[in-house]
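What follows is one structure encoded as structure tokens, with my remarks underneath.
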Amino acid sequence: MKIIKFTFALLLCTVISSCSSNDDDVEDLTDQTGTLILKFDNGVGDQDFIFGTTYDKSNNESYKLETLKYIISNVSLKDAEGNTYSYPAEKNIFIVDEANGNNAGEIYVTLEDVDAANYTEITFGIGVDQERYQLGAEGQGDFLEEAQEAGMLWAWATGYRFIRLDGTYSTDTVTDEGLAIHMGSVGTTLDNYKEVTLTLPNTVLVREDASPQIHIVADIAKIFDGETSVNFSDGYNQVHTSAETTPVIANNVKGIFSVHHVHND
């Protein structure tokens, strides 16, 4: 009986010691912030995107682009405990422009002073939501001028271009005809803002002494062959403010993004 009691006491001490050790090992991230880099990498299917290259669609049409840019906004992150961190609204809007890519074709969006945490999910908007738009031109801060200079704004009453593709297309009957996909909302009457949520393949560790990177791939082919396959010859060679064509493109654009990998540096 004494042996049993001694063994039980020894096990109890081991458990208590283990719990105490685990408590001591919990990382205290209170008041810590860090930098998080979003790397956007545009492609077409399994190919790299390159300006002036001809890409085929599913219906034997083809296209090549000289402009490729889109607006990303309202970035937020969910951690392993289910808590959500939202980047500050006044600076939570960016233009991803292929022309600004590095030698690998990656466009960096840098988020500074992000709350330190173990993040498992990212959400962002494509375009400009109605709440931001209804702040009026004077409520857009520096982004209004940035969008104007980038050609991502119509007259204010119409609003922002959420995505801009310029180039040419060819079919069995035409060659190098003009292609312009300038999809956005139309004032407050037509809302094409969309949000996408992506699960991260491994946890992103934001810390004050590290700058992790999320590598986000955008498959441009899905703009035309996504949730809905569209034909340039049916009017999708010129998409601007139409209530028929812009929602189709908006829904397709929502499906172009995926997370390829994560670096915790």
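Note: hydrogens, waters and symmetry copies are ignored here, and every other heavy atom, side chains too, is used.
- Below 30°, between 30° and 60°, or above 60°: for Phe257 and Phe124 the angle between ring planes is above 60°, a perpendicular geometry.
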Run the salt bridge (Lys or Arg N to Asp or Glu O under 4.0 Å) check on Asp166 and Arg164 step by step: do they pass?
-> CA-CA 7 Å; Asp166 294 308; Arg164 179 167 184 165; 2.7 Å; yes
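- A salt bridge links Asp176 with Lys64: at least one charged nitrogen is closer than 4.0 Å to a carboxylate oxygen.
- Here Asp56 pairs with nothing under the salt bridge (charged side-chain N to carboxylate O under 4.0 Å, His left out) rule; sequence neighbours left out.
- Proximity of Asn252 to Lys222: side-chain heavy atoms (C-beta onward) are nowhere separated by under 4.5 Å.
- Ring orientation note: the planes of Tyr87 and Phe94 are tilted relative to one another, at an angle of 30° to 60°.
- Using cut-offs of 30° and 60° for the angle between ring planes, the Tyr55 and Tyr63 rings count as tilted.
- Ring-plane geometry between Phe162 and Tyr193 is classed as perpendicular, the angle between the planes exceeding 60 degrees on a 0 to 90 degree scale with a lower cut at 30.
- Residues Thr197 and Thr123 bring a donor and an acceptor atom of their side chains to less than 3.5 Å of each other.
- Ring pair His261/His215 is tilted by interplanar angle, where 30° to 60° counts as tilted.
- Asn74 and Asn92 share no donor-acceptor pair across their side chains, judged by distance under 3.5 Å alone.
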Check step by step if side chain to side chain donor-acceptor pair (under 3.5 Å) holds for Tyr119 and Asn83.
-> CA-CA 9 Å; Tyr119 293 110; Asn83 303 308; over 6 Å; no
